[in-house]
Amino acid sequence: SARTMPPVMLRRFKTQILTGLPPKNEERWQEPMPAAQVKAYDAVLEDMRGGRLKALAALQSLRQICLHPELRVPRDADDRRALIEASARFRALFKVLRKAREADHGVLVFVDIRKAQDVLQAMIRDEFRLPKVPDVINGNTAITAVGEIKARFQAGRGFGVLLLGPRSAGFGLTLTRATQVVHLNRWWNPAVEDQCSDRTHRKGQTEQVTVHLPIARHPQLGDESFDVLLDQLLMFKREQSKRVIVPSALTERELAEFYARMTVGAGAARGQGLDELDRQDWRSFEIWVARRFQESGWQVSETPRSGDGGVDVVCRHPANRQGILVQVKHKEMGLGQVADDAVAQIKAAPT
């Protein structure tokens, strides 16, 4: 019978295999955008809403502006401090680096924009009076040089910084000297981000690892800021991939929804009109429902596409463990009514 057949697939997580690892924590640094960053951000929003920017180009522009509105090598110490203060994320990064310097910790900084890597090499060297610029591992780094950089970093003691591109250094490196990881700009795939963080959190690590997530918060848009929305979306994808075997990279539809929320502005999802929801297909509507629960603090998991007894989404509240079974029904353009059998299916669903 189905109950006695062996499972088709067994899934194991790293935490189930590598016991004894020290804890790994996340720390979010929500920093308000300074005036110059807000001005650059608002200009892109205006172009988006005026139809002058395509979706992908607009998202890439916002992604870069949220990192820094004016990436350049500073002229002197005063200019360096002004450039740090011009970016919410740079402010957060240098706060993390100063704490790491005080505690003599090694730091990995993941950033995929090459110009940012070049700028930060000079800024970090000068700000902390290091004898040389921090090493960088990116797509231009020769394979032989990667091994040399890794060995040099691992052999170091106390405070030290290594800059890495997530695509070049997200797999195969052991960098347990570092206990602090900074994702200075977020990758679109949370699984890649986790692989990057785990360069430090692996066999041989003896200290707690902290993953820092700098988040630039627009003073007027607040929770509808690019960084805040992207952080929510990546958290959703990470939790979804833990509960159901699904690709963790953002889909084209999810990017389109993300872009639409940016374009419409504050409260777009919560104030979405019924006519707009009617235009969604059944799958998009199901995702929309799941996210509304998650934004309200519920732990959300989706069921398999078949054999779920009619249940589409399972929600549990972390405080009291109250559970809700959700069946999402969608009639195109509001045509027709949902029959009573939907309620019967939920009642009969396995618990």
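Everything quoted here is computed from the prediction, not taken from an experiment.
- Within the 4.5 Å cutoff, no side-chain heavy atoms of Leu162 are placed close to those of Val107.
- Cluster membership check: Leu71 does not share its hydrophobic cluster with Ile65, using side-chain heavy-atom separations under 4.5 Å among Ile, Leu, Val, Met, Phe, Trp and Tyr.
- Connection of Val96 to Leu108 is not established within any shared hydrophobic cluster, with ILVMFWY side chains joined at heavy-atom distances below 4.5 Å, either directly or through further cluster members.
- Here the shortest heavy-atom pairing between Pro34 and Glu85 reads CG-O, 3.3 Å.
- For His218, the ring pair (Phe, Tyr, Trp, His ring centres under 6.0 Å) partners are Tyr41, not counting sequence neighbours.
- In this structure, Arg157 contributes its side chain and Ala155 its backbone to a donor-acceptor pair below 3.5 Å.
- Screening Thr179, Thr210, Thr200, Asp198 against Lys24 for a side chain to side chain donor-acceptor pair (under 3.5 Å) leaves a single residue, Asp198.
- Between Phe258 and Phe226, the ring-plane angle classifies as tilted under the 30° and 60° cut-offs.
- Counting all heavy atoms, side chain and backbone alike, Leu67 lies closest to Ala116 at CD2-CB, 3.9 Å.
- Put simply, the side chain of His201 gets close to the backbone of Pro22: a donor and an acceptor are under 3.5 Å apart.
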side-chain hydrogen bond (donor to acceptor under 3.5 Å, both in side chains) between Arg202 and Thr174, intermediate numbers included: CA-CA 7 Å; Arg202 55 198 300 116; Thr174 297; 3.0 Å; yes

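- Residues Ser197 and His183 bring a donor and an acceptor atom of their side chains to less than 3.5 Å of each other.
- Interatomic distance, Leu130 CG to Arg101 CZ, rounded to the nearest 0.5 Å: 6.0 Å.
- For Glu31, the side chain to side chain donor-acceptor pair (under 3.5 Å) partners two or more places apart in sequence, or in a different chain, are Arg91, Lys95.
- Residue Glu224 holds its CD atom at 7.5 Å from CD of Gln232, rounded to the nearest 0.5 Å.
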Phe236 and Asp231: CA distance, side-chain angles, deciding distance, side chain to side chain contact (heavy atoms under 4.5 Å, CB included) verdict: CA-CA 9 Å; Phe236 174 82; Asp231 184 52; over 6 Å; no

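- Here Arg89 contributes atom CZ and Arg186 contributes atom CZ; the two are 8.5 Å apart, rounded to the nearest 0.5 Å.
- Considering all non-hydrogen atoms of both residues, Ala122 and Val73 come closest at CB-CG1, 4.3 Å.
- You'll find the side chain of Val133 stays beyond 4.5 Å of the side chain of Ile124, heavy atoms only.
- Side-chain atoms of Leu164 and Val136, non-hydrogen and from C-beta on, never get closer than 4.5 Å to each other.
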Salt bridge (Lys or Arg N to Asp or Glu O under 4.0 Å) evaluation trace for Lys132 with Asp135: CA-CA 9 Å; Lys132 60 185 284 293; Asp135 284 319; 3.5 Å; yes

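- Screening Pro219, Ser87, Pro69 against Met33 for a side chain to side chain contact (heavy atoms under 4.5 Å, CB included) leaves a single residue, Pro219.
- One N or O on the side chain of Arg199 and one on the backbone of Gln195 form a donor-acceptor pair closer than 3.5 Å.
- Taking CD of Gln117 as the start and CG of Leu184 as the end, the distance is 10.5 Å to the nearest 0.5 Å.
- Of the possible polar contacts, one joining the Ser61 side chain to the Ala57 backbone as a donor-acceptor pair under 3.5 Å is found.
- In this structure, Thr176 and Gly204 approach most closely via the heavy-atom pair CG2-C, 4.1 Å.
- No chain of hydrophobic side-chain contacts below 4.5 Å, direct or via other Ile, Leu, Val, Met, Phe, Trp or Tyr residues, connects Val38 to Ile84.
- Separating the CG atom in Leu213 from the CG atom in Asn185 is a distance of 11.5 Å, to the nearest 0.5 Å.
- Under a cutoff of 6.0 Å and an axis angle of 45°, Arg177 and Phe153 form a cation-pi pair.
- Partners of Asp118 under the side chain to side chain donor-acceptor pair (under 3.5 Å) rule, at least two apart in sequence or in another chain, do not exist in this structure.
- In this structure, Ile215 and Trp29 have side chains that are not in contact, with every pair of non-hydrogen atoms separated by 4.5 Å or more.
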Test log, rule side chain to side chain contact (heavy atoms under 4.5 Å, CB included), inputs Arg52 and Glu46: CA-CA 9 Å; Arg52 294 181 292 275; Glu46 284 302 310; 4.2 Å; yes

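- Taking the side chain as every heavy atom from C-beta outward, Arg114 and Asn140 approach each other to under 4.5 Å.
- Gln180 places no side-chain N or O within 3.5 Å of a backbone atom of His212 that could act as its donor or acceptor partner.
- Residues Ile113 and Leu120 share a single hydrophobic cluster, defined by chaining ILVMFWY side chains whose heavy atoms lie under 4.5 Å apart.
- Looking only at side-chain heavy atoms (C-beta outward), Leu62 and Met48 come within less than 4.5 Å of each other.
- Of the charged side-chain nitrogens involved, at least one lies within less than 4.0 Å of a carboxylate oxygen, so that Arg98 and Glu127 count as a salt-bridged pair.
- We find that Asp79 and Arg72 are joined by a salt bridge, their nearest charged nitrogen and carboxylate oxygen being less than 4.0 Å apart.
- Looking at Ile137 and Leu163, their side chains never come closer than 4.5 Å, going by heavy atoms from C-beta outward.
- Asp112 is not listed as a side-chain neighbour of Phe110, based on a closest heavy-atom distance of 4.5 Å or more.
- Here the closest non-hydrogen pair linking Arg63 and Trp187 is NH2-CE3, 3.8 Å.
- Separation of atoms CE (Met123) and CG (Leu83) is listed at 5.0 Å; rounding is to 0.5 Å.
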Test salt bridge (Lys or Arg N to Asp or Glu O under 4.0 Å) applied to Asp227 and Arg28, step by step: CA-CA 11 Å; Asp227 276 8; Arg28 284 169 170 77; over 6 Å; no

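- No side-chain donor-acceptor contact under 3.5 Å links Gln154 to the backbone of Ile149.
- Both Val182 and Leu97 sit in one connected hydrophobic cluster of ILVMFWY residues. Membership requires side-chain heavy atoms under 4.5 Å apart, directly or through other members.
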